[in-house]
There are 2 protein chains.
Amino acid sequence: MTNIDLNVNKARIFCEKKGARFTTLREKVYALLLQQDGAIGAYELLDSLKLTESAAKPATVYRTLDFLLEFGLVHKLESTNAFVACHHFDCNHPVQFLICDSCGEVQEIQSLGLKDTLDKQAMSVGFKVAKQTIEAHGTCAACK
Amino acid sequence: MTNIDLNVNKARIFCEKKGARFTTLREKVYALLLQQDGAIGAYELLDSLKLTESAAKPATVYRTLDFLLEFGLVHKLESTNAFVACHHFDCNHPVQFLICDSCGEVQEIQSLGLKDTLDKQAMSVGFKVAKQTIEAHGTCAACK
DNA sequence: GGATAAGTGTTATTATTTATCAGTCAACTC
DNA sequence: GAGTTGACTGATAAATAATAACACTTATCC
Ligand SMILES: [Zn+2]
Ligand SMILES: [Zn+2]
Ligand SMILES: [Zn+2]
Ligand SMILES: [Zn+2]
């Protein structure tokens, strides 16, 4: 059983627990994202999906992504309009990304300290944070 | 002399110092952004610009924004695809945003601590940060 | 004043995302 | 198990966001 299959199974169980339906389509899209090295755009994802779901349309992908985003199975990179599978959807983590502009690798980090720093900075001016977007572009260790 | 005029003048001098041309078009666009409460999308900006530059097209706005972004006179909010004027372009600051989802206000903060925290987190996994995107959505002090 | 580069006008196209309505399928009730 | 309900998907269209390409104009430099 591959690593991807393991993640997909974990996702299915996670969804069942939440009373959400992990349909074939959602599973396929999530699996495609897991296969991906880095992040992938919606239309690139659509092209991959079409290989097994020839009827897929943009709305198909975006609706499925909406579901996956809602349940935290996938994250969106706002700075690149791309999507990346999450491997730790079951541990309620803060999310930050390191995006290598050289090789495209996307590394997800979960720094509680970073999250708290932003929350506190905001709080100090009376701002209550609901959602953070933290993305760093630069050069990964392998590319240096 | 209004506050906006002061900022525009500061911007002109800043550009001259850098050997960049602060043309009428660039000035108009920057002034429009300064007038704005929060952030504004490129096409909304285009509509405003058309009031005095009826020939303006999307490319007009995007090119002008490219210039303003390059020289730090304007920032882009990646999470909303919107643009906001910077008032401190001459002080080489880190940039983070607090975006109120209730009233649309965009507050720019310049936390060196926050920037350093992210830089260090990245460094600890061998990642060299070139550019940060830090945006918090939530509720501002006035809206609470 | 002519060469050069930067800036702008103009048209078209691509990329990204959402809206809408109709049909299908799963779960729940009786 | 048939019927009802709501969630999911198919399909078409449109809105929003961004870029490409080429011609023309203007400023700068020598
Ligand atoms: Zn994650
Ligand atoms: Zn890399
Ligand atoms: Zn700024
Ligand atoms: Zn507010």
Side-chain angles (χ1 to χ4, degrees), chain A residues 11-12 15-33 39-71 73-84 104 133 135, chain B residues 11-12 15-33 36 38-71 73-84 104 133 135:
Chain A
R12 180 180 299 108
C15 286
E16 279 167 7
K17 246 181 222 161
K18 297 242 177 181
R21 285 169 55 198
F22 197 58
T23 64
T24 308
L25 185 58
R26 291 167 178 174
E27 176 175 328
K28 276 187 180 176
V29 169
Y30 181 60
L32 283 173
L33 284 164
I40 181 176
Y43 275 74
E44 208 181 334
L45 183 58
L46 175 57
D47 287 340
S48 300
L49 183 61
K50 274 181 179 164
L51 298 178
T52 62
E53 293 277 328
S54 56
K57 303 272 180 330
T60 314
V61 164
Y62 279 103
R63 265 194 306 228
T64 308
L65 285 172
D66 280 346
F67 171 87
L68 297 172
L69 287 168
E70 183 184 348
F71 285 88
L73 297 171
V74 162
H75 300 297
K76 178 176 184 184
L77 303 187
E78 299 290 352
S79 62
T80 55
N81 297 318
F83 301 87
V84 60
T133 298
E135 300 172 11
Chain B
R12 179 178 302 107
C15 286
E16 279 167 6
K17 244 181 223 160
K18 297 243 177 179
R21 287 169 54 196
F22 197 57
T23 64
T24 307
L25 185 59
R26 291 166 178 174
E27 177 176 328
K28 277 187 181 177
V29 169
Y30 181 60
L32 283 173
L33 284 164
Q36 207 61 24
I40 182 177
Y43 278 75
E44 207 182 334
L45 182 59
L46 175 57
D47 287 340
S48 299
L49 183 61
K50 274 181 180 167
L51 298 178
T52 61
E53 293 278 329
S54 56
K57 303 271 180 333
T60 314
V61 165
Y62 278 104
R63 265 194 305 228
T64 308
L65 285 172
D66 280 346
F67 171 87
L68 296 172
L69 286 167
E70 182 184 350
F71 284 90
L73 298 171
V74 162
H75 301 297
K76 178 176 183 185
L77 303 187
E78 298 290 353
S79 62
T80 56
N81 297 319
F83 301 87
V84 59
T133 298
E135 300 172 11

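On a predicted model such as this, the values are computed, not experimentally measured, just so you know. Quick note on labels: first sequence line is chain A, next is B, and so on, each numbered from 1.
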>> As a quick check of understanding, evaluate side chain to side chain contact (heavy atoms under 4.5 Å, CB included) for B:Leu33 and B:Leu73, giving each step before the final call.
In response: CA-CA 10 Å; B:Leu33 284 164; B:Leu73 298 171; over 6 Å; no
>> How close do B:Lys28 and B:Thr52 get, counting heavy atoms only, and between which atoms?
In response: NZ-OG1, 3.5 Å
>> In whole Å, I'd like the distance from the CG atom of B:Leu69 to the C1' atom of D:dA18.
In response: 13 Å
>> Tell me the interatomic distance from B:Ile40, atom CD1, to D:dA17, atom C1', rounded to whole angstroms.
In response: 14 Å
> Roughly how many Å is it from CD in B:Glu16 to P in C:dA6, rounded to a whole number?
Replying inline: 18 Å
> For the helix from C:dG1-D:dC30 to C:dC30-D:dG1, how many degrees between its two end axes (five pairs per end), to the nearest 10°?
Replying inline: 30°
>> I need the minimum non-hydrogen distance between B:Gly38 and B:Val84, along with the two atoms involved.
In response: O-CG2, 4.2 Å
> Atom CG of B:Asp47 to atom P of D:dT16: distance rounded to whole Å?
Replying inline: 10 Å
> For B:Phe22, which residues count as a ring-ring contact (aromatic ring centres under 6.0 Å, His included) partner, sequence neighbours excluded?
Replying inline: none
>> Output one letter per nucleotide in nucleotides 8-23 of chain C: B when a protein non-hydrogen atom lies under 4.0 Å from the base, S when only the sugar-phosphate is that close, - when neither is.
In response: BBBB----BBBBB---
>> Taking side-chain hydrogen bond (donor to acceptor under 3.5 Å, both in side chains) as the definition, give me every residue that meets it alongside A:Glu27, ordered by chain and number, with sequence neighbours left out.
In response: A:Arg12
> How long is the gap from CD1 on B:Ile40 to OG1 on B:Thr80, to the nearest 0.5 Å?
Replying inline: 11.5 Å
>> Output the rounded distance in Å from CZ (B:Phe71) to P (C:dA6).
In response: 11 Å
>> Within the 4.0 Å limit for protein heavy atoms, which parts of nucleotides 25-30 of chain D are touched? Write it as a string from 5' to 3', B for base, S for sugar-phosphate only, - for none.
In response: --S---
> Which residue pairs satisfy the side chain to side chain donor-acceptor pair (under 3.5 Å) criterion with at least one member in residues 59-68 of chain A, sequence neighbours excluded?
Replying inline: none
> Hey, does B:Val61 have a side-chain heavy atom less than 4.5 Å from the side chain of B:Val29?
Replying inline: no
> If you look at every heavy atom in B:Leu69 and B:Val74, which pair is closest and at what distance?
Replying inline: CD2-O, 3.2 Å
>> Run the side chain to side chain contact (heavy atoms under 4.5 Å, CB included) test on A:Cys15 and A:Phe67 for me, step by step, so that the C-alpha distance in whole Å, both residues' side-chain angles and the decisive distance to 0.1 Å come before the verdict.
In response: CA-CA 11 Å; A:Cys15 286; A:Phe67 171 87; 4.1 Å; yes
> Under 3.5 Å, is there a donor-acceptor pair linking the side chains of B:Glu135 and B:Ser79?
Replying inline: yes
